[in-house]
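Shown next, in structure tokens, is the structure this report addresses.
Below, each value reflects all heavy atoms present in this structure, side chains not excepted, and no hydrogens, waters or symmetry copies. Convention: sequence-line order gives letters A, B, ...; per-chain numbering from 1. Since the model is a prediction, treat every value here as computed from it, not as a measurement.
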Amino acid sequence: MPRITLPDGSVRQYDRPVTAARLAADIGPRLAAAALGVRINGELRDLNTLIQEDAQASIVTPTDRSGATDPDAVYLLRHSCAHIMAEAIQALRPGVQLVYGPPVDNGFFYDLSVPHERPLSTDDFEEIEKRMAAIVTQDRPFTRYEMPVKEGLEKLRAEGSKYKIDNADRAIAQGADRLSFYVTGEPGKDWEDLCRGPHVPSTGRIAAFKVMSLASSFWHGDATSDRLTRVYGIAFATPKELAEHRRMLAESRKRDHRRLGRQLELFAFDEDVGPGLVLWTPAGAVIRRELEEFIRGELLRQGYQMVYTPHIGKLSLFKTSGHYPYYRDKQYPPIVDADQIQSLARQGVSCAELADRLQQGDIDGYLLKPMNCPHHVKIYASRHHSYRDLPVRLAEFGTVYRWEQSGEIGGLTRVRGLTQDDAHLFCTEDQIPAELKACLALVKIIFTTLGLTDYRVRIGLRDPASEKYVGDAGLWKKAEQACREAARSLDVRVDEEPGEAAFYGPKIDFMINDVIGREWQLGTIQVDYSLPERFDLTYTGPDNQPHRPVMIHRAPFGSMERFVGMLIEHFAGAFPTWLAPEQVRVLPISDKSTGYARSVLATLHDRQIRATMDDGHSRIQAKIKVAADWKIPYMLVVGPSDQQATAVSVRARGIQQNLGSLELGAFAESITAEITSRGRATVISEHFAAAKI
RNA sequence: GCCACCGUAGCUCAGCUGGUAGAGCACACCCUUGGUAAGGGUGAGGUCACGGGUUCGAGUCCCGUCGGUGGCUCCA
């Protein structure tokens with residue numbers, strides 16, 4: 001006779017098994033009406049699950065008491081909506097086979113096998129949605145029934161659904177002893193799907209949904225396996241939430257760095273240059289240069305030494321490092337001398353053989369470097385090192401080239417030529433912890449300055465069961481511990497992921513959330529026991545014997561491309577003054593004031609402030625509008641009265657009013673302070689604090 | 001790489017089922033000399049991504065190439 005403990009600690013006693021739906025109804029009619037499912041002892045289940053024994057139960061509703069959305073409710077809604085969508089698609093398209101349809105972070109999808117004579121297209125969405133709406137209106141119950149494994153498999157075999165049989169097999173391999181099916185309505189009559197569940201009580205509970213997009217996928221994510229069609233959708237408990245979601249999507253589109261990049265002329269791509277190869281236009285180059293200077297300043301403070309290395313290197317270098325041919329399909333093909341090929345051809349080497357030998361790297365040539373480490377290693381090796389020299393910290397904004405798959409390329413986030421904020425630390429085993437900590441301190445300074453406070457750290461540890469790792473297990477343990485301790489010094493969330501280490505050492509990755517909550521993977525810090533070995537690097541220890549240094553690779557911001565891309569979206573193109581490509585625009589009221597405007601400009605240029613003047617013939621309103629579109633931090637409106645007072649009328653980005661007049665020298669000084677302090681003191685905080693909205 | 005979608009002026013886009021190219025912004029010039037989020041006029045600007053095909057005729061239909069966008073498991 002179940003005693004059911006509710007979340008508030010109260011207990012309900014029943015003299016017979018009771019469904020969660022009944023329980024909800026007994027607690028209150030409003031709860032019953034809102035209920036989508038139940039957590040029994042923490043496990044999410046259908047609302048009509050029979051509770052037979054004493055249990056902790058909590059009814060799942062779209063929002064909890066505090067009004068926060070319940071992730072379990074979202075899960076139920078979306079998983080259920082995936083079924084409704086699949087039913088709609090199958091009804092419209094006989095011959096479509098179901099594969100797999102889970103809820104995901106941003107909605108749900110259903111993978112389908114669609115006969116290729118007639119693929120699905122976005123034009124079909126309207127009809128699919130219409131059909132789904134009908135299913136929702138019918139408010140059919142989600143009905144679960146179960147079968148023993150054997151019977152269930154027979155049923156699936158009889159239905160001839162290869163993918164569902166596979167799903168069942170996997171479930172069985174996971175230890176399932178029964179298979180469950182969900183019918184949208186009445187068993188034997190309505191649409192059904194092999195499914196683990198749970199689901200909402202009935203289709204009518206999906207208050208708002210939308211079919212979002214179409215993509216292709218592979219069965220089990222395996223490119224050699226069947227091609228599937230993936231249809232994405234989203235569902236919410238209320239139309240309001242759907243509207244909010246779509247508003248967020250629109251906002252993201254507005255912030256999209258590719259869009260802003262073109263609008264603000266920050267960077268460009270050109271077909272003739274090649275996909276994934278960034279052209280940094282003057283405005284974007286300013287942002288990158290300012291960031292690099294900022295980072296460089298901190299590096300020098302930490303005892304790094306800046307170096308420069310070539311963009312290419314001999315194939316043999318990368319064979320020694322192990323990058324070739326291991327990462328061959330991620331690299332641009334080697335640069336090989338035509339004479340060499342010709343002479344081989346004269347010796348009777350066939351084209352096929354030539355191609356093969358090229359692939360294998362058997363023909364001498366040069367490689368566009370996919371990584372900077374081999375070059376840095378060679379700088380280390382260019383002289384003898386004593387233990388007294390260590391750590392040696394070599395840093396370079398090093399440009400590398402990688403042959404990303406064509407489908408992976410996009411904007412600044414995934415490119416084929418990128419510049420890493422790279423450095424390699426050569427140190428002793430004992431120095432690892434301090435070096436890691438210093439790396440993280442650097443990250444903290446830079447993130448804090450940029451207002452990037454929402455980030456987490458992921459530590460990749462070795463999988464003790466695997467053999468693929470190089471280096472001594474004891475060393476690994478120590479290095480992993482050092483990563484942990486260093487990560488902890490940041491005061492942010494740290495996730496440990498066994499098996500995610502590189503084969504040559506543990507690593508720390510940085511994941512950052514921008515202001516609209518999207519997560520970006522930036523850079524990484526990796527401990528490496530392998531490369532010093534491969535290049536036979538040494539230092540002389542206090543014992544006068546050669547020792548092997550340990551390397552730390554670190555590019556905490558990843559690449560300048562991705563970092564700037566992330567920042568564009570983070571700031572929505574409105575960069576802080578020190579980063580802004582154009583910091584000030586001087587706007588003369590009329591031609592009568594262009595002379596004075598020019599002298600204002602000269603004053604600002606003297607201070608190396610990036611300022612321009614709009615001396616067009618349009619009215620001041622129009623000039624302000626245009627400057628605002630360019631997201632310029634400060635506008636200085638100048639007319640006869642300003643000239644009289646050697647002053648400027650200040651207008652700041654985001655504040656839709658004239659802040660007032662400021663003496664020109666005072667403005668120049670104040671904005672200089674804003675720039676050099678990287679925004680700690682601003683023109684507004686110093687002069688117009690009261691006017692701030 | 002694979003699948004769907006997209007590619008028209010520098011940018012954002014319109015162009016009905018095939019009949020020979022259009023707007024706004026930006027740009028140039030002219031009028032206006034205007035004090036805080038777009039004054040007015042005139043003009044220049046296109047091999048409709050590229051190549052082929054179907055057709056009397058292709059921006060539009062078909063095939064291919066190039067480029068872009070969304071995606072390619074978070075275990076039924």
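- Distance CD1 (A/I89) to C1' (B/A4): 13 Å, rounded to an integer number of Å.
- Across all strands shown, B/C50 is found opposite B/G64 as a Watson-Crick or G-U wobble partner, with both distances under 3.5 Å.
- Among the heavy atoms of the strands lying under 4.0 Å from A/S180 is at least one base atom, whether or not backbone atoms are also near.
- With a cut-off of 3.5 Å on both pairing distances, the Watson-Crick or G-U wobble partner of B/C13 is B/G22.
- Distance, A/D111 CG to B/A4 P: 15 Å, rounded to whole Å.
- Counting atom types as modelled, A/S217 pairs no side-chain N or O with a base atom of B/G71 as donor and acceptor under 3.5 Å.
- B/A38 and B/C25 have their C1' atoms separated by 10 Å, given to the nearest Å.
- Closest to the side chain of A/R258, out of B/G68, B/U69, B/A76, is B/U69.
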For a quick check, with a 4.0 angstrom heavy-atom cut-off, what is the B/S/- contact string for nucleotides 5-13 of chain B, read 5' to 3'?
------SS-

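- Taking atom CD of A/E519 as the reference point, atom P of B/C74 lies 14 Å away to the nearest angstrom.
- Electrostatic pairing of A/R458 and A/D495 does not count as a salt bridge here, judged by no charged N lying under 4.0 Å from a carboxylate O.
- Checking the phosphate oxygens (OP1, OP2) of B/C72, a side-chain nitrogen or oxygen of A/Y232 falls inside 4.0 Å.
- The nucleotide B/U36 finds no pairing partner, because no Watson-Crick or G-U wobble arrangement with both distances shorter than 3.5 Å includes it.
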Would you give a per-nucleotide map of nucleotides 34-47 of chain B, 5' to 3', where B means the base has a protein non-hydrogen atom under 4.0 Å away, S means only the sugar-phosphate does, and - means neither?
BBBBBS--------

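- A side-chain donor from one of A/Y163 and A/D226 sits under 3.5 Å from a side-chain acceptor of the other.
- Remark: the separation of the C1' atoms in B/A58 and B/C50 is 15 Å, to the nearest Å.
- Going from atom CZ of A/R196 over to atom P of B/C74 covers 14 Å, rounded to whole Å.
- Within the shown strands, B/G41 is the pairing partner of B/C29 under the Watson-Crick or G-U definition, both distances less than 3.5 Å.
- Between the CG atom of A/D226 and the P atom of B/U73 there is a distance of 14 Å, rounded to whole Å.
- With a cut-off of 3.5 Å on both pairing distances, the Watson-Crick or G-U wobble partner of B/G70 is B/C3.
- Using modelled atom types, one finds no donor on one side chain facing an acceptor on the other under 3.5 Å when comparing A/T594 with A/D615.
- Between the side chain of A/E496 and the main chain of A/I459, no donor-acceptor pair closer than 3.5 Å is present.
- Looking at A/N658 and A/S649, their side chains never bring a donor and an acceptor atom within 3.5 Å of each other.
- The P atoms of B/G18 and B/C56 are separated by 15 Å, rounded to the nearest whole Å.
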